[in-house]
Engineer: 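Mind looking over this structure? Questions follow.
Just so it is clear, the model here is predicted, and its values are computed rather than measured. Within every chain, numbering begins at 1; the chains are lettered A, B, ... in the order of the sequence lines, protein sequences first and strands thereafter.
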There are 2 protein chains.
Amino acid sequence: MNRPAIFDALSEPVSRRITSGLSRIALVLRTQAWRGAEPEGVTPTQAQALTALREGGEGMRLAELAAQLGVSAPTMSVRVNALIAKGLVVREAGVDKRSIRLRLSPAGAELLERSARWPDFLARAVGVLDEREQEDLLRSLVKVIRTLQVEGDVAPQRMCVTCSHFRPFAHPDASLPHHCAYVDAPFGDRHLRLACPEHEDAPPPQQRAAWERFTEQAPGSAPGSAPA
Amino acid sequence: MNRPAIFDALSEPVSRRITSGLSRIALVLRTQAWRGAEPEGVTPTQAQALTALREGGEGMRLAELAAQLGVSAPTMSVRVNALIAKGLVVREAGVDKRSIRLRLSPAGAELLERSARWPDFLARAVGVLDEREQEDLLRSLVKVIRTLQVEGDVAPQRMCVTCSHFRPFAHPDASLPHHCAYVDAPFGDRHLRLACPEHEDAPPPQQRAAWERFTEQAPGSAPGSAPA
DNA sequence: CCCGGACAGATAGTAGTCCTAACGGTTGCT
DNA sequence: AGCAACCGTTAGGACTACTATCTGTCCGGG
């Protein structure tokens, strides 16, 4: 579809410029990290831990939480203790007396409720994209993150594409082609989730099959787009 | 185009899930930051400064560099001194004796040459997207970053869309609709740059006009997509 | 001419982040 | 019973980056 052009020779690969753009956004997220957290009296990483704790369901173990946030267990231990001292998290003994179960306290849940809008400066910027561009962007991000997960660069995510309830392209409707067996309803790319509380890891063969179906289909935005 | 569905009521807004995905990628970039930099004997932030120094052209001032990387001047001062001590950057007196001009040393340029492939783990993940998806993704990122810049959340970027040489949709060819007056050649969305050495800030009225043309056109991927 | 305000950058001092190494208590296998 | 594996914690050190403060330079006014 794209004809050769002078710029094809002049430019670095598209994928590299994309990573440069993603890095730029990562930079902004880092420098603006205190915006939402500080007014609530927590640090950005503490806020991050609270979010993970909510998304991961109740009774998370310490090591789980650490893996989810990509930090070492000692780091997470200190972080969690700070949150416990602030009364935002409670620690309970697990069945195994070595392990612990971490839960949000009511105060922690309420804090998350209040500050759930961060990072809305970025959400506003994303809002300049039209409906279709957002859907395409979300689908692309899902694909990239899933690949990072397979490569071991990031911990398993609670995403639709690895969920046992996910049935890609189960319906002919191009607008709502997928099916979620948990709520038993069709959905589209725009509904794809990255952190679903109802997520349940599918067995690897099912994951692979679903992934193949999901990626091999032409994107919903372009029914007959160039396979050649 | 998208019909109402159960999931429209169940899900948080698409823009919020997108920011969640972007945050996830930012997390990976942060945890993997030492991968490319450490083997070269520099820290990630030092590598970042070197990159900015190359992209920004020769003879950058300290404050400029600090703004580009979203850190305070003192922070950048310390960082630059470390790079000077390592012989990767040279400091020269500016015309104004208060200011300094920072340049990459040959050793610094050579180091960048060697480690320019970071973060290629992310570039590889982006590589699972097909050509068209990458083009769409790049265009969306450009739009988001440009918006962040207008909002003041990030320093001015050397992007095509703010460049005096940029002529959006100057050609009828849907594959190469834009024109770069600097190299005097047509180019497409897939050639859009985020850090062009030849960038020259266009005057605000021209920027606004170009931005309007650039965003109001239907994305190249969908000639007749929903204006309603 | 020189004096003060504005500016550019450098230097403390402090706080947050996060790692590796080493340590106690539990569990389960032999 | 003994020992290895496991879970979480504590200790120490490195990196990042902020605010406040300081030194030197430029420029305009008296």
Engineer: What's the closest nucleotide to the Arg79(A) side chain, out of dC18(C), dC26(D), dT16(D)?
Structural biologist: dC18(C)
Engineer: What integer distance in Å separates Glu92(A):CD from dG8(D):C1'?
Structural biologist: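 Spelled out: CD on Glu92(A) to C1' on dG8(D) is 16 Å.
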Engineer: Provide the closest heavy-atom pair for Thr31(B) versus Leu69(A) in the form atom of the first, atom of the second, distance.
Structural biologist: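 Scanning both residues, the minimum pair turns out to be CG2-O, 4.5 Å.
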Engineer: Roughly, in whole Å, what's the span from CG in Leu65(B) to C1' in dA17(D)?
Structural biologist: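 The distance from CG of Leu65(B) to C1' of dA17(D) comes to 15 Å, rounded to the nearest Å.
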Engineer: If you draw a 6.0 Å radius around CD in Glu113(B), do more than 12 non-hydrogen atoms from other residues or ligands fall strictly inside?
Structural biologist: no
Engineer: Quick check for you: among dT25(D), dC15(D), dT26(C), whose closest atom lies nearest to any side-chain atom of Trp34(B)?
Structural biologist: dC15(D)
Engineer: Could you walk me through whether Asp189(A) and His191(A) pass the side chain to side chain donor-acceptor pair (under 3.5 Å) check?
Structural biologist: CA-CA 5 Å; Asp189(A) 284 339; His191(A) 303 117; over 6 Å; no
Engineer: Across nucleotides 2-13 of chain C, 5' to 3', mark each nucleotide with B, S or - according to how protein heavy atoms within less than 4.0 Å reach it.
Structural biologist: ----BBSSSB--
Engineer: Would you classify Thr43(A) as touching base, sugar-phosphate or nothing, given that sugar-phosphate means primed atoms plus P, OP1 and OP2, and contacts are heavy atoms under 4.0 Å?
Structural biologist: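 It contacts sugar-phosphate atoms only.
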Engineer: Output the distance between atom CD (Glu64(A)) and atom CG (Leu53(A)), rounded to the nearest 0.5 Å.
Structural biologist: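 Between Glu64(A) CD and Leu53(A) CG, I get 10.0 Å after rounding to 0.5 Å.
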Engineer: Between P on dA17(D) and CD on Gln32(A), what's the gap in Å once rounded to a whole number?
Structural biologist: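 To the nearest whole Å, that distance equals 14 Å.
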Engineer: Round to the nearest Å and state the distance from Arg35(B) atom CZ to dC19(C) atom P.
Structural biologist: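 Rounding to the nearest Å, CZ of Arg35(B) and P of dC19(C) are 14 Å apart.
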Engineer: Are Gln46(B) and Leu50(B) side-chain neighbours, meaning at least one heavy-atom pair lies under 4.5 Å?
Structural biologist: no
Engineer: Between the side chains of Gln157(B) and Arg24(A), is a donor N or O closer than 3.5 angstrom to an acceptor N or O?
Structural biologist: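 On atom types as modelled, these side chains qualify, holding a pair under 3.5 Å.
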Engineer: Distance check needed: dC18(D) C1' versus Glu38(A) CD, whole Å only.
Structural biologist: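 Rounded to the whole Å, the gap is 10 Å.
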Engineer: Please tell me which of the listed nucleotides, dT17(C), dT26(C), dA17(D), lies nearest to the side chain of Lys97(A)?
Structural biologist: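 The listed nucleotide nearest to Lys97(A)'s side chain is dT26(C).
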